[in-house]
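Indexing begins at 1, ligand by ligand and atom by atom, following the structure's order.
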Amino acid sequence: MDIINVDYSESIPNNVNLHEDRRVLRALEGWHPGYLTWWQDMGPEGFQESLVYLRTAYSVDPRGWAKFDYVRMPDYRWGILLAPPEENRKVPFGQHLDEPAWQEVPGEHRAMLRRLVVIQGDTEPASVEQQRHLGKTAPSLYDMRNLFQVNVEEGRHLWAMVYLLHKYFGRDGREEAEELLRRRSGSADAPRMLGAFNEATPDWLSFFMFTYFTDRDGKMQLHSLAQSGFDPLSRTSRFMLTEEAHHMFVGETGVGRVVRRTCEAMKEAGIDDPYAKDKVRALGVIDLPTLQKKLNLHYSLSLDLFGSEVSTNAANSFNAGLKGRYQETKIDDDHRLENSTYPVLKLVDGVIKRVEEPALTALNMRLRDDYTNDCAKGLLRWNKIISTAGIDFAFALPHVAFHREIGEFKNIEATPTGEMIDAGAWEKRKDEWLPSREDGDFIASLMKSVTEPGKFAGWIAPPIVGIDNKPGDFEYVKIEH
Ligand SMILES: [Fe+2]
Ligand SMILES: [Fe+2]
């Protein structure tokens with residue numbers, strides 16, 4: 001079997017020898033029409049007939065795995081791709097440390113493992129649903145293409161999880177796979193499983209913030225699952241991470257280009273004061289304090305995805321060898337965490353304090369800290385654009401107690417600097433820290449579609465290089481009218 005190159009002769013491209021696994025092949029072929037119906041109903045609205053310059057994975061070789069070509073999205077070859085197996089891989093943490101990695105589901109941990117796969121799987125189609133209307137207001141064909149690339153790959157990530165469900169979980173796996181197509185982002189009766197995936201993505205700035213902050217939660221979760229003792233989950237997560245890198249690139253460069261355009265317009269107009277909101281907005285660009293508010297919103301929603309700081313579920317899935325820490329194999333400790341502690345921010349007698357907790361139950365907090373460190377890197381680059389332009393302003397991540405719905409701080413209100421305030425003060429001041437209706441209306445007023453090749457909306461700078469080294473005026477999407 002060729003595990004590097006993908007077999008495209010099958011109805012479902014794959015590098016898992018599907019043609020020798022008739023049961024799973026039939027199950028996936030049974031699921032496929034429902035998936036396509038979901039894509040037609042909930043995928044990018046108005047562009048299903050357009051030719052989009054997309055990359056498709058044809059290999060899992062890290063040196064070159066994608067081919068670019070024009071594709072109609074419903075014809076995209078969603079496949080099942082697992083990273084190559086590591087020889088003699090061992091369970092890298094937990095009670096089963098150093099036992100051979102499992103190629104089948106360990107019976108005692110089956111329910112826990114299924115839940116991890118379903119939760120990951122549920123986020124993938126959710127973001128496609130959240131973003132489905134954005135094509136109509138794309139600031140350029142370049143951006144439109146990136147949106148659609150992210151969308152088709154989230155679709156592929158759904159396939160990745162559905163493969164695991166069909167192959168390893170029998171009848172209840174099949175039922176879970178159906179449910180993944182039934183739930184809908186934001187639906188009252190069948191919502192997606194996690195909060196941030198039921199929020200609206202009303203505009204392109206939200207899309208960039210989402211791909212920066214929320215896809216990065218996905219990155220952290222996939223890193224933890226890539227450590228899993230259940231080898232098929234590890235391998236599928238590893239390949240998903242290579243695709244996920246592009247999603248975060250879209251977010252980081254997207255926000256960076258908005259920042260750059262705002263700074264340029266301010267310079268041209270001779271405006272130094274970043275808080276001169278009306279003057280800046282009159283230039284048709286988004287003022288920096290409003291960008292900070294959007295950042296506050298998406299960062300705090302994404303923090304909630306890590307769950308409670310202290311969690312026995314997290315401890316159980318670590319002990320079971322199912323979900324490890326970020327870069328587990330590079331950490332120098334016992335990988336069992338029997339006696340160690342980890343500092344957790346908690347509310348103690350009404351004061352936010354750092355408290356040592358058993359490291360095992362503090363795993364969510366640890367992953368969230370790793371996430372925060374990863375988030376901070378992009379802010380440094382955005383701030384560099386601002387300081388280079390000579391403008392006195394810098395983005396900052398809000399305090400973890402700010403605007404939280406889950407965990408230690410869900411019942412209190414705090415400012416972005418972590419000062420606790422009462423509900424009345426929060427109500428009065430929240431529009432200073434989170435996008436107000438007026439901010440939303442202003443951003444919405446800028447969302448006009450630009451579809452001429454090489455042209456960009458006035459609120460965002462062009463990218464420095466094209467996709468697949470294409471020139472600036474490349475027609476990334478051939479829109480079918
Ligand atoms: Fe994904
Ligand atoms: Fe993603």
(request) Please report the shortest heavy-atom distance between G324 and F318, naming the atom on each side. (result)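 So the minimum-distance heavy-atom pair works out to CA-CD1, 4.1 Å.
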(request) Search all heavy atoms of P74 against all heavy atoms of L36 and return the closest pair with its distance. (result)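 Where P74 meets L36 most closely, the heavy atoms are O-CD2, 4.0 Å.
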(request) Side-chain contact test, heavy atoms from C-beta onward, threshold under 4.5 Å: evaluate it for H403 versus W433 and give yes or no. (result) no
(message) Which residue in the set Q130, H298, E129 passes side chain to side chain contact (heavy atoms under 4.5 Å, CB included) when paired with T201?
(response)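 With T201 as partner, Q130, H298, E129 yield a single side chain to side chain contact (heavy atoms under 4.5 Å, CB included), made by Q130.
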(request) Could you tell me whether any N, O or S atom belonging to H157 is less than 2.8 Å from the Fe ion (ligand 1)? (result) yes
(request) Answer yes or no as to whether an N/O/S atom of E124 is found below 2.8 Å from the Fe ion (ligand 1). (result) yes
For the Fe ion (ligand 2), the closest N/O/S atom belonging to [X]:
| X | value |
| --- | --- |
| E154 | OE2 |
| D215 | OD2 |
| E244 | OE2 |
| H247 | ND1 |

(message) Can you see whether F239 has R235 sitting over its ring - NZ or CZ less than 6.0 Å from the centre and within 45° of the normal?
(response)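 The answer is no; the distance or angle limit is not met.
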